[in-house]
Amino acid sequence: MNERERQDELQDRLVDALLLAAAGQQRAEVETGIGQVLQRIEAGLDDSPMTVLLPEVATAEVSGLPPRFPGRVSRLIPWSIAATVVLALTLSYQGCSPDRIARAAVTQSLVAAAQPVPRHYRVTVNRRDAAGRTSESANDLYVLGNDQAVLRHPLAGRRAGFDLWLGKSADSAWIVPPFGPVFRGDGPALGKWLEASTEVDTPYLHVTTVLDRMKRGYRLQELPSDTAHHAPVTDENPVCRRVIGHRRWLAQQNLPSTIELWTDLKTGMARRIELRWPPESDQRGRERVIVEWVGEEPLAEDWFEAAGHYSGSRLVLDLSDRRAMTRDFVDDIPVADRENNESESGD
Amino acid sequence: MDARQVFEILVREHADMLWAYLRAGVRDANAVDDLFQETLLTAWRRLADFDRLRPFGPWLRGIAGRLVLAHYRQQARQAEAISPAALEWLESRFAQLQRLDGDTFAEKLAALRACVDALPASFHAPVHLKYFEALGLEETGRTLGLALETVKKRLFRARAKLADCLERKLLALRSSA
């Protein structure tokens, strides 16, 4: 192979690699690679240098920005987010733009959300029906690390007072209705079941999923720092970093039009996430979903398994079973009764 | 935030670019995965050497480039080896790509997607199916009613056209800079 042919081949490989990256075909390999490397680092198989990469970032309460940062930038950005500024400046040599700071904040929050700590969130869903009436439901979301989540959804109508439990891990998903069989399957099957359900109006969320979508599909903008509950600052209600994301026009249209995030200044943990749909949207009448951090609490060992949410023996059905997909809950209520039930409940 | 978290953020920001760089520099796809991880681990071990006033991406690619050369030395496959000059050429292209608009590497590749959109239909179709629909070569051929060899040739010629198109866009960027 002569020099010209080598150059042509290299150019061909470059374009091939760029096309694969443009199409996102490398994502799985990249994520796997990053995951494995981080696991090795966490396990201490690769000792880090004693010197911290960015000493300013290691402690959030920095005394000031390094002197080389442009004065304009340091005037614009509150000291409370100086750590993120340092980070954002490191991320790019194109200069420091507010959207990069916002992006770094969301990434930091994503990292915090992926930590294997059991966290409890309250999920409040505001809906609007065809007549313009609004309703609200309060759910509980429990998450553990990157891929385990359990949602408690209180039922309405004749099943008021009972809960539906939904759970999902990396490779499986389950639904535990108050009565009848338990469903098992995978994530996509759970998603389809939820789409078919007329009784569950809560979007199935994992904090990491929301943050990941926010990072990838939204134009991010930093907002002035505030507490998550718009209330005076206390230990329980600290000042948070705020970022709002506006859905990019290429993103799926059924996603929220905006996602607003409040993150803990020190840890990056998401304290509040607010998702809004535009008024003209008919996404099951959802207008707003608020995810609020409640606390970090010890949970039963089997909390993230279906068995942790029912007693006695129950029939377990495959979620991908077509018959199961056509039923809301398998408590053998005829469809006609169910429709009556829905009209009684005012949903 | 500790060093590991900062490192993860930096890595996630540059991972797609790093993967594309390695994929362009190394023929063997399995070796790309190994070199990708080795680059990140080396970067972690040598974090103290990183000059934080300089951009992270080129530093990461510098490590990757040295590992690529070492990879070929170990493999004793000199016929396939990439030269330091070729790696330098690749680095120059990635440095220019990094200056394009966009937060993520995928966004920076909007210029390339524009070139794809401008391809004549006979070239656009196989590129779209192979890369953006992730079809194999044979499936692409079946879908388009083309022989396997024809698909390969069209893809090769399409990539040559895309290289020209991208080069023109990068040249315009250099001129404006």
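Sequence lines set the chain letters: A, B, ... in the order given, protein chains first and strands last, and positions in each chain run from 1.
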Within the distance-only criterion (no hydrogens, no angle test), does the side chain of A:Gln26 pair as donor or acceptor with the backbone N or O of B:Asp16 below 3.5 angstrom? no
Within the side chain of B:Arg12, is there an N or O that forms a donor-acceptor pair under 3.5 Å with the backbone of A:Thr107? no
Residue pair [X] / [Y]: nearest heavy atoms and the distance that separates them:
X	Y	value
A:Leu19	B:Leu162	CD1-CD1, 3.8 Å
A:Asp16	B:Arg23	OD2-NH2, 3.5 Å
A:Leu14	B:Ala24	CA-CB, 3.7 Å
A:Ala22	B:Leu109	N-CD1, 3.6 Å
A:Gln7	B:Trp89	NE2-CE2, 3.2 Å

Does the pair B:Arg159 and A:Arg13 meet the rule for a side chain to side chain contact (heavy atoms under 4.5 Å, CB included), with working shown? CA-CA 9 Å; B:Arg159 288 194 293 264; A:Arg13 291 210 316 247; over 6 Å; no
[X] side, atom [atom1]; [Y] side, atom [atom2] - distance, nearest 0.5 Å:
X	Y	atom1	atom2	value
B:Leu40	A:Ile41	CG	CD1	8.0 Å
A:Gln11	B:Arg93	CD	CZ	7.5 Å
B:Leu22	A:Glu29	CG	CD	11.5 Å

Quick check on [X] against chain A: is it the side chain, the backbone, both or neither that has a heavy atom closer than 4.5 Å?
X	answer
B:Phe105	side chain
B:Val32	neither
B:Phe132	both

Counting heavy-atom pairs closer than 4.5 Å to chain B, which one of A:Ala112, A:Ala21, A:Ala23 comes out on top? A:Ala23
I'd like to check A:Leu18 versus B:Tyr21 (side-chain heavy atoms, cut-off strictly below 4.5 Å). Are they in contact? no
Looking at B:Glu107, B:Met17, B:Glu167, which makes the most heavy-atom pairs under 4.5 Å with chain A? B:Glu107
Report the option among B:Trp19, B:Phe156, B:Phe36 that has the most heavy-atom pairs separated by less than 4.5 Å from atoms of chain A. B:Trp19
Which atoms of A:Val30 are under 4.5 Å from chain B, going by heavy atoms: the side chain, the backbone, both sets, or neither? both
